[in-house]
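For reference, the structure discussed in these notes is given below.
In each ligand, atom 1 is the first atom listed, and ligand 1 is the first ligand listed.
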Amino acid sequence: MAASISLTQSFRLRDPLVAAHPFRHASPFRFGRSFPLFRNLSSRSPSASMSVQAPKKSPDVEFLDRGESGILHFVKYQGLGNDFILVDNRSSSEPKVTPEQAVKLCDRNIGVGADGVIFVLPGVSGTDYTMRIFNSDGSEPEMCGNGIRCLARFITELENLHGMQSFRIHTGAGLIVPEIQSDGKVKVDMGQPILHAPDIPTTIPANKKGSVIKAELVVDGISWNVTCVSMGNPHCVTFGTKKCEALHVDDIKLENIGPKFEHHEMFPSRTNTEFVQVISRSHLKMRVWERGAGATLACGTGACAVVVAAVLEGHTERHCIVELPGGPLEIEWREEDNHVYMTGPAEVVVYGYESWMNEHHLYKWQAKHISTSPTESLPRVDCAFPLFVLGHQKSIKLTVLIEENLAVEDGLRQLTVLRNSNPFMDYGIGGLHTILQYNIPSDGGCDHL
Ligand SMILES: N[C@@H](CCC[C@H](N)C(=O)O)C(=O)O
């Protein structure tokens, strides 16, 4: 039965005075692989927002609040289709999610679906924040290029920061500095590539300088030419085989060959593998098989490693566009400081929460935009941010945020959630159901679909 709600607005402005350090310069030094003891600098204030809620509900029910015990709030982001569940972990130096829970969350059929879970923790050694990440198989990599762009955008949202910002982020690969640009893209100083074979690590015989450049690696009975680069995490880059020097990456059967590289005995910590086609001296096309995540639509550290390898093998100049299945990244390996710079997008996919207590995983999705159309009497949730629930879910609660300039009258309203042509379907989110119509009862809660 259709029910109605009365919509009221509540405003909560919060303290924005935290942790913005515009345009600090990157330091070229790396911290090394292990994380030093964490220092809890502060519990930082969440962002300002305006919410529209049923009248009897506390105005405190707002998405970015974290008061509810047993509930994990998250925001899912994607950078060129490489998708991550971002968790606000600023109040503790221990990730709120275990590797086992991360595996479940990343599952595209019975979880939220993602390539990894990323945590924003307090900074250490003078950095603003620490980033940690679990791959979708629960392993913990040192660094994630697309992930750190998402993390930078997530921080601005948590801290209510606007415009150009830069942050000093401590990672397992050392200090990394993402900078949000005026066009919204994120440019990241990814530091220096590591070429010394034992540090990558790989046991492929190195050249006199200790690096592995266009060396032979036999995988599945085929001799591949490989160059090994670490961007904090290990990468094996190949442009072709001994027989066929130039790859056509669309022909590669990633699911077959990828795992054989990943688990090759020459890579004691496993490896990410990039298959690359040279389009021109400034344009590369690649596909990636990621350690701990499999085939993904993009890999930021991988794209950086690819440009380093392409320069070392003499295929390209130092400034390239790297075309990935999810879109292009701009990569520069700068001669002056030996640092690699990566520029690309990072976008919100969805806001949600997970109740660990509920075996049916109560998810709360939040639509960001709501608008009224002159031809329709009902407010329409505009799924620019997709609104969906997972198939196994028993119940859903909905909070709607509206844009500040949108007037929503008080009074009885019915909220209709319309079918959404979900662009993220392409990214393989599993178990996705569309709610055609969803009625919120007047007490603001909704226990049954
Ligand atoms: N997709 C990431 C890399 C994530 C970590 C990787 N799977 C590893 O284990 O090293 C990126 O954008 O860099």
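When hydrogens are left out, the protein atom nearest atom 6 (C) of ligand 1 is Asn272 OD1, 3.3 Å; that is the closest non-hydrogen contact. Here the heavy atom of the protein found nearest to atom 2 (C) of ligand 1 is Cys144 SG, 3.1 Å. Atom 12 (O) of ligand 1 has its closest protein heavy atom at Gly300 N, 2.6 Å. Taking atom 9 (O) of ligand 1 as the reference point, the nearest protein heavy-atom neighbour is Arg291 NE, 2.8 Å. Taking atom 3 (C) of ligand 1 as the reference point, the nearest protein heavy-atom neighbour is Glu290 OE1, 3.4 Å.
Between Phe267 and Phe261, the ring centre distance reaches or exceeds 6.0 Å.
For the pair Lys96 and Asp88, the salt-bridge criterion is not met [side-chain N within less than 4.0 Å of a carboxylate O]. Classification of Lys187 and Glu179 as a salt-bridged pair fails, no side-chain N sitting under 4.0 Å from a carboxylate O.
Under the salt bridge (charged side-chain N to carboxylate O under 4.0 Å, His left out) criterion, the residue pairs touching residues 201-226 are Lys214-Glu245, Asp220-Lys260, with sequence neighbours excluded. Legend: salt bridge (charged side-chain N to carboxylate O under 4.0 Å, His left out) pairs involving residues 321-335, not counting sequence neighbours, sorted by first then second residue: Glu332-Arg334.
Listed by atom number, the atoms of ligand 1 under 4.0 Å from Asn146 heavy atoms are 11 (C), 12 (O). Listed by atom number, the atoms of ligand 1 under 4.0 Å from Thr301 heavy atoms are 3 (C), 11 (C), 12 (O), 13 (O). Of all the atoms in ligand 1, the ones that sit under 4.0 Å from a non-hydrogen atom of Gly145 are 11 (C), 12 (O), 13 (O).
Within the 4.0 Å heavy-atom cutoff, Thr296 does not count among the residues contacting ligand 1. Look at Cys299 and you'll find a heavy atom under 4.0 Å from some atom of ligand 1. Contact analysis puts Met143 in contact with ligand 1, with a non-hydrogen atom separation below 4.0 angstrom.
Of the N or O atoms in Glu142, none lie within a sub-3.5 Å distance of an N or O in ligand 1.
Taking the six-membered ring where tryptophan is involved, the planes of Phe239 and His315 are tilted, since the angle between them lies from 30° to 60°.
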Requested in this report: For side-chain hydrogen bond (donor to acceptor under 3.5 Å, both in side chains), just list the numbers for Thr273 and His235, CA-CA rounded to whole Å, side-chain angles, deciding distance to a tenth of an Å, and then say yes or no.
Outcome: CA-CA 6 Å; Thr273 308; His235 293 271; over 6 Å; no

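For the atom pair CG (Asp189) and CG (Leu175), the distance works out to 7.5 Å, reported to the nearest 0.5 Å.
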